[in-house]
Each structure stands twice: as C-alpha cells, then as structure tokens.
Amino acid sequence: MNIELLDIPKINDIRGNIAVIEKDLLPFSIKRVYYLFDVPSSARRGGHAHKEQFELLIPLSGSFDVVLNNGNETKKVTLNKPDKGLLIKSNTWRELDNFSSGAVCLVISSGEFLEEDYIRDIEEFKAFLASNRK
C-alpha cells in the first residue's frame, strides 16, 4: 500500500500541546492546504485517486475512516489523533467516511488543484494502474 502513517512532532505543554509540521516531515513541498468540516456522519468524501499528487490527511478534531485501495488490496485506517497524519502517495484510491460529530480533516497537498490529476472512477483507476504496469 502506498501510504505511511506519520508522527507529527508535538510540544507538550500544560497549557495545551502544539503540533509542528515543517519541511523535513513531508516528502514534498506544500502547494495547497484545505480542510473538510461539518461533514454529515453518513456522507463519504474523496472517491478518487491522484496520478501525481501526494496528500497528508490530519484529523484536527474528531475522527474519520480512510478506505484505501491500490488496485490489489483495500485497507481501512481510522484517524483520530491530531499528532498522526496519513500520507497518501500517488496512485492510491481513497474514500473518507464515518465522520464523528465535529470532525475536521486537514489536507496538505503537493500540488495545486488540477482536474487532470484526478481519477474519479474506480474502474478507470484500475485500468490506469494496469496500463502503467505494462
């Protein structure tokens, strides 16, 4: 699976913890940052893969599941700690679901929005992978 669970360095303080993301943590330069919030618990987000972009997903608040597929296997990762981030590399299908009340998902991306980088159909994704393996 083309993913990695990253420990985000944190500074413990009795007044509240601080998590720090600096250039050495990520294997890419940050080009875009966005976040998902007020997602109904029954909703699904994602439902795509990127041909080139990498993304780091961080649960700033609450929890949610990330269902990943590399064309051969499926894996579910539950994110629920703001000092743990899920690095999703290119050519990995992702769907986010099971959002808790108040969940906020921060996404740090290696690229700006580019529709041509998205694969939004799972069968097209599998065909894309097969054509790149030849």
Side-chain angles (χ1 to χ4, degrees):
M1 192 66 61
N2 212 6
I3 62 168
E4 188 178 342
L5 199 58
L6 300 180
D7 289 318
I8 299 170
K10 72 176 178 178
I11 300 166
N12 293 312
D13 190 303
I14 59 172
R15 300 168 297 166
N17 298 329
I18 299 172
V20 180
I21 299 171
E22 295 178 322
K23 63 181 179 179
D24 293 342
L25 180 69
L26 301 174
F28 60 83
S29 297
I30 298 171
K31 300 287 185 183
R32 182 167 61 131
V33 176
Y34 62 94
Y35 50 97
L36 307 171
F37 64 101
D38 290 343
V39 180
S41 61
S42 61
R44 296 182 81 112
R45 298 297 316 232
H48 64 269
H50 288 286
K51 297 174 186 173
E52 301 291 332
Q53 286 185 26
F54 285 28
E55 291 183 332
L56 179 67
L57 278 58
I58 304 168
L60 294 183
S61 179
S63 65
F64 52 90
D65 294 333
V66 184
V67 180
L68 303 140
N69 185 314
N70 66 2
N72 294 317
E73 68 176 303
T74 300
K75 180 176 184 171
K76 179 174 83 170
V77 176
T78 299
L79 295 177
N80 58 11
K81 295 180 180 173
D83 63 340
K84 303 282 185 207
L86 180 64
L87 176 63
I88 305 175
K89 299 178 182 177
S90 56
N91 299 320
T92 304
W93 186 266
R94 82 284 319 270
E95 294 183 14
L96 287 69
D97 65 8
N98 196 27
F99 285 83
S100 69
S101 177
V104 177
C105 172
L106 177 69
V107 182
I108 300 172
S109 180
S110 67
E112 296 176 5
F113 178 81
L114 182 63
E115 185 61 38
E116 295 79 28
D117 188 56
Y118 283 76
I119 303 173
R120 297 186 184 273
D121 179 87
I122 188 73
E123 295 307 318
E124 287 178 25
F125 169 68
K126 291 176 182 177
F128 175 81
L129 292 179
S131 69
N132 286 337
R133 288 187 187 126
K134 295 179 182 178

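Atom set for the values below is all heavy atoms of this structure, side chains included, hydrogens, waters and symmetry mates excluded. Quick caveat, the model's predicted, so the values are computed rather than measured.
Taken to the nearest 0.5 Å, the CD1 atom of Ile8 stands 12.5 Å off from the CG atom of Asn17. Taken to the nearest 0.5 Å, the OG atom of Ser100 stands 9.0 Å off from the CG atom of Asn80. In this structure, CG on Leu114 lies 7.0 Å from CD on Gln53, to the nearest 0.5 angstrom. Remark: His48 NE2 to Glu124 CD distance equals 14.0 Å, nearest 0.5 Å. Taking CG of Leu79 as the start and CG of Asn98 as the end, the distance is 11.5 Å to the nearest 0.5 Å. Distance check, rounded to the nearest 0.5 Å: OG of Ser110 to CD of Glu55 gives 7.5 Å.
The minimum heavy-atom distance between Asn70 and Asn72, with the atom names listed, is OD1-N, 2.9 Å. The two atoms that bring Gly102 and Ser61 nearest to each other are O-OG, 3.2 Å, heavy atoms only. Residue Phe128 comes nearest to Asn91 through the heavy atom pair CE2-OD1, 3.1 Å, listed as atom of the first residue, atom of the second, then distance. Taking every heavy atom of both residues into account, Arg94 and Ala49 meet most closely at NE-CA, 4.1 Å. Minimum heavy-atom separation, Leu96 to Cys105: CD2-SG, 4.0 Å.
Within a 6.0 Å radius of CD in Glu73, more than 12 heavy atoms belonging to other residues, nucleotides or ligands are found. By the 6.0 Å contact criterion, CD on Glu52 is open, its count of non-hydrogen atoms from other residues, nucleotides or ligands being 12 or less.
Note on Leu25 and Leu106: same hydrophobic cluster, where clusters join Ile, Leu, Val, Met, Phe, Trp and Tyr whose side-chain heavy atoms are under 4.5 Å apart, directly or indirectly. Under the 4.5 Å side-chain heavy-atom criterion for ILVMFWY residues, no single connected hydrophobic cluster contains both Ile58 and Phe64. Residues Ile88 and Leu5 are members of one and the same hydrophobic cluster, defined by side-chain heavy-atom contacts under 4.5 angstrom among Ile, Leu, Val, Met, Phe, Trp and Tyr. Leu60 and Val107 fall into different hydrophobic clusters, where Ile, Leu, Val, Met, Phe, Trp and Tyr side chains are chained together by heavy-atom contacts under 4.5 Å.
Looking only at distances, no side-chain donor or acceptor of Asn2 sits under 3.5 Å from a matching main-chain atom of Thr92.
A side-chain contact (heavy atoms from CB on, under 4.5 Å) with Leu86 is found for one member of Leu6, Leu56, Leu68 and no other, namely Leu68. For the side-chain contact (heavy atoms from CB on, under 4.5 Å) test with Leu57, the passing option among Leu36, Ile3, Val77, Val66 is Val66; the others fail.
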Apply side chain to side chain contact (heavy atoms under 4.5 Å, CB included) to Ser109 and Lys31, showing your working. CA-CA 6 Å; Ser109 180; Lys31 300 287 185 183; 5.9 Å; no
In sequence, state the C-alpha distance, the side-chain angles, and the governing distance for Ile108 and Ile30, and then conclude on side chain to side chain contact (heavy atoms under 4.5 Å, CB included). CA-CA 7 Å; Ile108 300 172; Ile30 298 171; 3.5 Å; yes
Yes or no on side chain to side chain contact (heavy atoms under 4.5 Å, CB included) for Asp13 and Ile18, after CA distance, side-chain angles and deciding distance? CA-CA 8 Å; Asp13 190 303; Ile18 299 172; over 6 Å; no
Please assess Glu115 against Arg120 for the test side chain to side chain contact (heavy atoms under 4.5 Å, CB included), listing each intermediate value before the final yes or no. CA-CA 10 Å; Glu115 185 61 38; Arg120 297 186 184 273; 2.8 Å; yes
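In this structure, Phe54 and Phe28 have perpendicular ring planes: the angle between them is above 60°, well past the 30° mark. By the 30° and 60° cut-offs, the orientation of the rings of Phe37 relative to Tyr35 is tilted.
With respect to Asp97 and Arg45, no salt bridge is recorded, no charged nitrogen being found less than 4.0 Å from a carboxylate O.
Using a 4.5 Å heavy-atom cutoff, the side chains of Glu116 and Lys51 are not in contact.
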